[in-house]
Amino acid sequence: MTGTDKSTDKTAPVALPAAGGTASAARKAIALALKRAGVADVTFEARILVEDLASDGDPISEAAAIRLNDALARRLTGEPLWRILGAREFWGLSFSLSPGTLEPRPDSETLIEAALGHFASRRQDELRVLDLGTGTGCLLVATLREFPHASGIGIDLAPDAVATATGNAARNGVAERAAFYQGNWTAGIEECFDLILSNPPYIGSAEIAGLDQNVRAHDPLLALDGGPDGLDAYRALAAALPRRLKPGGLAILEIGAGQEEAVVALMRQAGLNHLDSRRDLGGHVRALVFGHDP
């Protein structure tokens with residue numbers, strides 16, 4: 001009779017991270033628990049949890065063991081890793097999360113890449129930037145880090161997002177060049193901008209229930225639901241952007257899968273020129289670039 005491999009035997013008890021144990025043992029214990037729960041990248045998540053929550057030394061302290069076991073319990077209920085840690089990296093910067101904000105995701109870095117590509121000769125200009133639906137502020141903050149003389153404002157309907165974005169601007173050293181306000185798109189704004197960025201809600205209302213549980217249960221509905229066809233926010237932006245863009249300015253919008261043609265049509269009807277479509281690392285069109293004729 002062959003023995004049972006306890007690393008795959010789901011009936012075998014899991015040794016939880018314990019005070020006095022090594023960081024390596026903690027990583028292995030967390031990875032095993034996550035694997036049994038069906039988490040995909042258990043090695044990565046276990047490493048991040050131990051690095052973030054047990055950075056006070058090896059062997060694991062009692063306080064670190066408590067933090068790790070609390071985080072593991074939350075992760076096993078389906079709470080996303082970055083929500084548990086309270087922050088996520090975007091464009092090499094750290095952004096705090098809150099219930100009113102989406103997690104910044106790598107796909108959205110496509111908008112920053114597009115801005116850099118189109119404004120390569122204007123890196124030192126005193127650009128004015130507007131970020132609509134700012135969330136954590138990641139698009140505005142990352143842009144201001146890349147354009148050192150630029151300044152801008154971020155608008156969000158959720159007061160919680162405005163507070164979080166304000167803190168993230170300070171966290172990443174651009175507080176003096178960024179301001180955040182609660183508002184409904186461009187309502188009340190009279191200024192015109194060199195660059196307008198937006199990652200609006202673009203998921204069709206009927207599709208929300210079918211989203212991954214990590215998204216559906218933890219990302220704010222306000223930042224996900226784009227109306228019956230997912231295009232409500234783009235209609236609002238099409239009505240607003242031509243009046244808020246300077247001649248020669250750019251609007252860069254994130255879109256969802258299959259939305260390129262419809263969003264381009266909306267913006268063209270509003271008088272904007274479609275200048276570029278940028279693909280994310282997965283090969284999907286993720287960012288659309290629009291402009292006025294100079």
Would you say the side chains of [X] and [Y] form a donor-acceptor pair under 3.5 Å?
X      : Y      : result
Ser98  : Asp160 : yes
His118 : Asp276 : yes
Glu89  : Trp82  : no
Thr110 : Asp280 : no
Tyr202 : Gln259 : no
His149 : Glu126 : no

Decide yes or no for [X] and [Y]: does some side-chain heavy atom of the first lie under 4.5 Å from some side-chain heavy atom of the second?
X      : Y      : value
Ser55  : Val50  : no
Arg279 : His284 : no
His274 : Glu260 : yes
Ser108 : Ile112 : no
Val285 : Arg278 : no
Leu140 : Leu130 : no
Leu253 : Met267 : yes
Leu81  : Val39  : no

Tell me whether [X] contacts the main-chain N or O of [Y] through its side chain, where contact means a donor paired with an acceptor under 3.5 Å.
X      : Y      : answer
Asp131 : Gly137 : no
Asp225 : Gly227 : yes
Arg177 : Ala150 : yes
Arg216 : Gly210 : no
Arg243 : Ala239 : yes
Glu254 : Ala287 : no
Asn168 : Thr136 : yes

**Message:** Between Arg75 and Asp70 (salt bridge meaning N to carboxylate O under 4.0 Å), is one present in this structure?
**Reply:**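 Answer for the salt bridge query: no.
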**Request:** Check the pair Trp91, Glu146 against side chain to side chain contact (heavy atoms under 4.5 Å, CB included), reporting the backbone distance first and the verdict last.
**Result:** CA-CA 10 Å; Trp91 203 252; Glu146 292 292 340; 2.7 Å; yes
**Verdict with reasoning, Leu224 to Leu211, per side chain to side chain contact (heavy atoms under 4.5 Å, CB included)** = CA-CA 10 Å; Leu224 297 173; Leu211 293 176; 4.2 Å; yes
Nearest 0.5 Å, what's the [atom1]-[atom2] distance between [X] and [Y]?
X      : Y      : atom1 : atom2 : result
Leu102 : Thr134 : CG    : OG1   : 11.0 Å
Glu45  : Lys35  : CD    : NZ    : 14.5 Å
Leu222 : Thr101 : CG    : OG1   : 11.5 Å
Leu237 : Arg235 : CG    : CZ    : 11.5 Å
Lys246 : Asp194 : NZ    : CG    : 4.0 Å
Arg128 : Ser151 : CZ    : OG    : 4.0 Å

Let me check something: do [X] and [Y] share a hydrophobic cluster, defined by ILVMFWY side-chain heavy atoms less than 4.5 Å apart, either directly or through other members?
X      : Y      : answer
Val289 : Tyr234 : no
Leu116 : Leu288 : no
Val141 : Leu97  : no
Val162 : Ile155 : no
Leu111 : Phe95  : yes

**Prompt:** Do Arg47 and Phe44 meet the cation-pi criteria used here (NZ or CZ under 6.0 Å from the six-membered ring centre, within 45° of the axis)?
**Reply:**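 No; the conditions do not both hold, so Arg47 does not lie above the ring face of Phe44.
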**Item:** side chain to side chain contact (heavy atoms under 4.5 Å, CB included) evaluation trace for Leu195 with Ile252
**Value:** CA-CA 8 Å; Leu195 176 62; Ile252 306 178; 3.8 Å; yes
Non-hydrogen atoms of [X] and [Y] that approach each other most closely:
X      : Y      : value
Ala31  : Ala46  : N-CB, 3.8 Å
Pro201 : Ala233 : O-CB, 3.7 Å
Ala270 : Pro242 : O-CG, 3.4 Å
Gly135 : Ala165 : O-CB, 3.5 Å

**Prompt:** Would Leu197 and Thr143 count as a side chain to side chain contact (heavy atoms under 4.5 Å, CB included) if you check the C-alpha gap in whole Å, the side-chain angles of each, and the deciding distance to 0.1 Å?
**Reply:** CA-CA 10 Å; Leu197 303 165; Thr143 299; 3.3 Å; yes
**His292 and its side-chain contact (heavy atoms from CB on, under 4.5 Å) partner, picked from Leu245, Asn273, Leu241, Leu250** =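 Passing option: Leu245.
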**Prompt:** Between Arg244 and Glu191, does a salt bridge (Lys or Arg N to Asp or Glu O under 4.0 Å) hold up when you go through it step by step?
**Reply:** CA-CA 6 Å; Arg244 300 278 69 88; Glu191 181 183 357; over 6 Å; no
Sequence neighbours excluded and cut-off under 3.5 Å, please list the side-chain donor-acceptor pairs for residues 178-189, or say none.
{"unit_1": "Gln182", "atom_1": "NE2", "unit_2": "Leu157", "atom_2": "O", "d": "3.1"}

